[in-house]
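Have a look at this one.
Scope of the values below: all heavy atoms of this structure, side chains included, with no hydrogens, waters or symmetry mates.
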Amino acid sequence: QEQLVESGGGSVQTGDSLRLSCAASLRTFSTYSMAWFRQAPGKEREFVAAIRTSNAYYVDSVKGRFTISRDNAESMVYLQMNSLKPEDTAVYYCAAGRPVVLQRANAYDYWGRGTQVTVSS
C-alpha cells in the first residue's frame with residue numbers, strides 16, 4: 001500500500017534548524033517527483049520545495065535556508081530547514097506524484113499526514 005510518513009517536526013526558536021524526513025512506500029520511488037508543502041492555520045496549503053530527478057525547486061521565501069534532498073535507495077525525502085522564522089510555522093506535508101507543474105498541490109497523487117513545525121520568536 002502506498003503511503004508517505006513524515007517525521008522530524010517540533011517546536012524550536014527563531015534561527016534554529018530542523019530536518020524533516022519522509023519515508024515513502026512507493027513502487028518505483030525514483031520515478032516520482034517529491035515535494036514538501038506546508039499549511040499554516042487559516043491559510044491555504046503552500047508549496048515549499050520539490051525535487052525531480054536531481055533538480056530542486058523552492059518557493060522564494062525559503063531559498064537559501066531550506067534544502068530538499070532524496071535517497072532513492074532508502075525511499076526517503078528530506079527537508080533541511082535552517083535559520084527558521086516564526087512565519088515558517090505550519091504543518092508540513094510530504095507529497096509524491098508526477099506533476100507537470102511542481103507547485104500545484106492538486107497535481108500530486110500521494111500525501112502524508114503531516115508533521116507540525118512551530119517556530120517561536
Connected via hydrophobic side-chain network under 4.5 Å: Y108 and L4: yes
Interatomic spacing from CZ in R65 to OH in Y58 - rounded to 0.5 Å: 12.0 Å
Any M76 side-chain heavy atom under 4.5 Å of S21 side chain: yes
Minimum-distance pair of heavy atoms, taken over all atoms of R70 and S33: NH1-CA, 4.3 Å
Gap between atom OH of Y78 and atom SG of C94 - 0.5 Å precision: 11.5 Å
Rounded distance (nearest 0.5 Å) linking atom CD1 of I51 with atom OG1 of T67: 10.0 Å
Rounded distance [0.5 Å steps], CE in M81 versus CZ in F66: 5.0 Å
T14 side chain reached by P86 side chain, heavy atoms, under 4.5 Å: yes
Expected output: side-chain R104 to main-chain F47 donor-acceptor under 3.5 Å: no
NZ/NE/NH1/NH2 to OD/OE distance under 4.0 Å, D60 and K63: yes
Sidechain-backbone polar pair: S120 side chain, V12 backbone, donor-acceptor under 3.5 Å: yes
Residues, nucleotides or ligands: over 12 heavy atoms within 6.0 Å of R98 CZ: yes
C22 and Y93, any side-chain heavy atoms less than 4.5 Å apart: no
Distance-minimising heavy-atom pair for E46 and S61: OE2-OG, 4.3 Å
Inter-residue atom distance M34.CE - S75.OG, 0.5 Å rounding: 9.0 Å
V77 vs I68 side-chain heavy atoms within contact, under 4.5 Å: yes
Nearest heavy-atom neighbours spanning L26 and Y110: CD2-CD1, 3.7 Å
Between CZ on residue R45 and CZ on residue R38, distance to nearest 0.5 Å: 13.0 Å
Ring centroid separation W111 to F37 under 6.0 Å: yes
Nearest non-hydrogen partners of Y92 and L20, listed with the distance: CB-CD1, 3.5 Å
Residue pair V91 / G114: nearest heavy atoms and the distance that separates them: CG1-CA, 3.8 Å
Any donor-acceptor N or O pair under 3.5 Å, side chains Q116, T118: yes
Shared hydrophobic cluster, L79 / L84 (ILVMFWY, side-chain heavy atoms < 4.5 Å): yes
E44 atom CD, over 12 foreign heavy atoms within 6.0 Å: no
For the student: nearest non-hydrogen atoms of N82 and S17, plus distance: OD1-OG, 2.9 Å
